[in-house]
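Structure, as structure tokens:
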Amino acid sequence: MSDEPALVVRLGDRSYPIHLGAGLLERAGELIAPLLRTPRVFLVTDAGLLATPHPARLSAGLGEAGLAVETLPVPAGESSKSFAGLERLIEALLERGIERHSAILALGGGVVGDLAGFAAAVVLRGVDYVQIPTTLLAQVDSAVGGKTGINTRHGKNLVGAFKQPRAVVVDVSVLDSLPARELRAGYAEIVKYGCIRDAAFFAWLEAHGPALLAGDPGARVRAVRRALEIKAEIVARDEREESGERALLNFGHTFAHAYEALAGYGSRLLHGEAVAIGMVRAASLSARLGLAPEADTRRLRRHLETVGLPVSPRDRDLAFAPEALLASMRHDKKIAAGRLRFVLWRGIGEAMLTEAVRTDVLLELLAAD
Ligand code: GLY
């Protein structure tokens, strides 16, 4: 197998490779060793993953590549992405003697990636880190693009830093042990890329999404690659979400964040499930505003339903008052100058940003749940 990365995120002297394939955990050591400045690495991982073969598979390859590994497990769950969780991790890194040229490896889902990435941004004023995502959601979204951070009592991801990794290693074989519900939730983010940028990819997903979810490794690699190509292009053009282009990655997310907040960020509604519902809302809103054909909303809804994703809170036995959803949206950090900003579409494959959404239209849409 070649050592050539599947993709490169092009950010000048902060460019980095994304290695993608099945069975890459064992090879991560040889792939990343040339990028590291000292052979001592700090493996930050989800304590829940210690019961899986993933950390041992990774560590064996790291050892073979001549790297010395210190493993630092963090408790599973969103509560690790907190000031207290950050403090514990940084204390542990300092106690074990992390140095300016050491590197942190983040093995896990979005919680571990965001927390370890933020620790890498601030400990000793910044050390290198590598993302090795183990959930589909992290593989196609949070592990690439350099957004790191923690939650506060005021909301999610409100404290953080843009800190690009030195490399990302995506091994689709780890998805075999992911619960089906979590896999589907991650798949919603893949559908998002078709929605915002690539109608042909959306059509490909309609044909191959079920095989991907059933375990077809070829379909998984192909879909993750296309999703990451789109993300890498967007991040290269608008790394810090300034021009509006990176904001397109939030298609469905303004609604999703409100549903998640009201559902309590737990197993009642997973992030990717909220994104699925939110994308259908964004599509409906676009159709109501005359921006996009209603037929595209129906097509999106049909595909999400076919793969078993919810398209309305009712599908998860949830119901929310429109006013409460609106109040929650107004707390979202994506608000610009006090105005709600929506990522809508002109149809499948073409997302756009707008602030021109009247409150009464929005309330009517939310009441239709
Ligand atoms: N998850 C959205 C972004 O990376 O910008």
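This chain uses plain numbering: 1 for the first residue, then up along the sequence. Order of listing sets the numbers, starting from 1, for every ligand and every atom in it.
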Open item on the list: Does either side chain, that of Y265 or that of E78, offer a donor lying less than 3.5 Å from an acceptor on the other one?
Closed with: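 The answer is no; no qualifying pair exists.
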
Open item on the list: Under a plain distance cut-off of 3.5 Å, with no hydrogens placed, do S173 and R57 share a side-chain donor-acceptor pair?
Closed with: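 There is such a pair (donor and acceptor under 3.5 Å, judged by atom type) between the side chains of R57 and S173.
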
Open item on the list: Only heavy atoms of K147, strictly under 4.0 Å: list the atoms of ligand 1 that pass.
Closed with: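 So the atoms of ligand 1 that pass are 2 (C), 3 (C), 4 (O), 5 (O).
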
Open item on the list: With a 6.0 Å cut-off on the ring centroids, do F255 and F342 count as close?
Closed with: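 Yes, ring centres under 6.0 Å apart.
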
Task: Side-chain (N157) to main-chain (N151) donor-acceptor, under 3.5 angstrom - done: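 Flag not set: sc N157 to bb N151 has no pair under 3.5 Å.
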
Open item on the list: Please list the nearest protein heavy atom to atom 1 (N) of ligand 1 with its residue and the distance rounded to 0.1 Å.
Closed with: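 Nearest neighbour among protein heavy atoms for atom 1 (N) of ligand 1, to 0.1 Å: D141 OD1, 2.9 Å.
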
Task: Closest protein heavy atom (residue, atom, distance) for atom 5 (O) of ligand 1 - done: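 The closest one turns out to be R246 NE, 2.7 Å.
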
Open item on the list: Geometry only, no angles: is K231 polar-contacting ligand 1 at N/O separations under 3.5 Å?
Closed with: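 Right, the criterion is met.
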
Task: Nitrogen or oxygen of N250 less than 3.5 angstrom from that of ligand 1 - done: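 The answer is no, given that N250 and ligand 1 share no N or O pair closer than 3.5 Å.
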
Task: Criterion salt bridge (Lys or Arg N to Asp or Glu O under 4.0 Å) against E239, the qualifying member of K231, R246, R14 - done: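 Result: among K231, R246, R14, R14 is the only option passing the salt bridge (Lys or Arg N to Asp or Glu O under 4.0 Å) with E239.
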
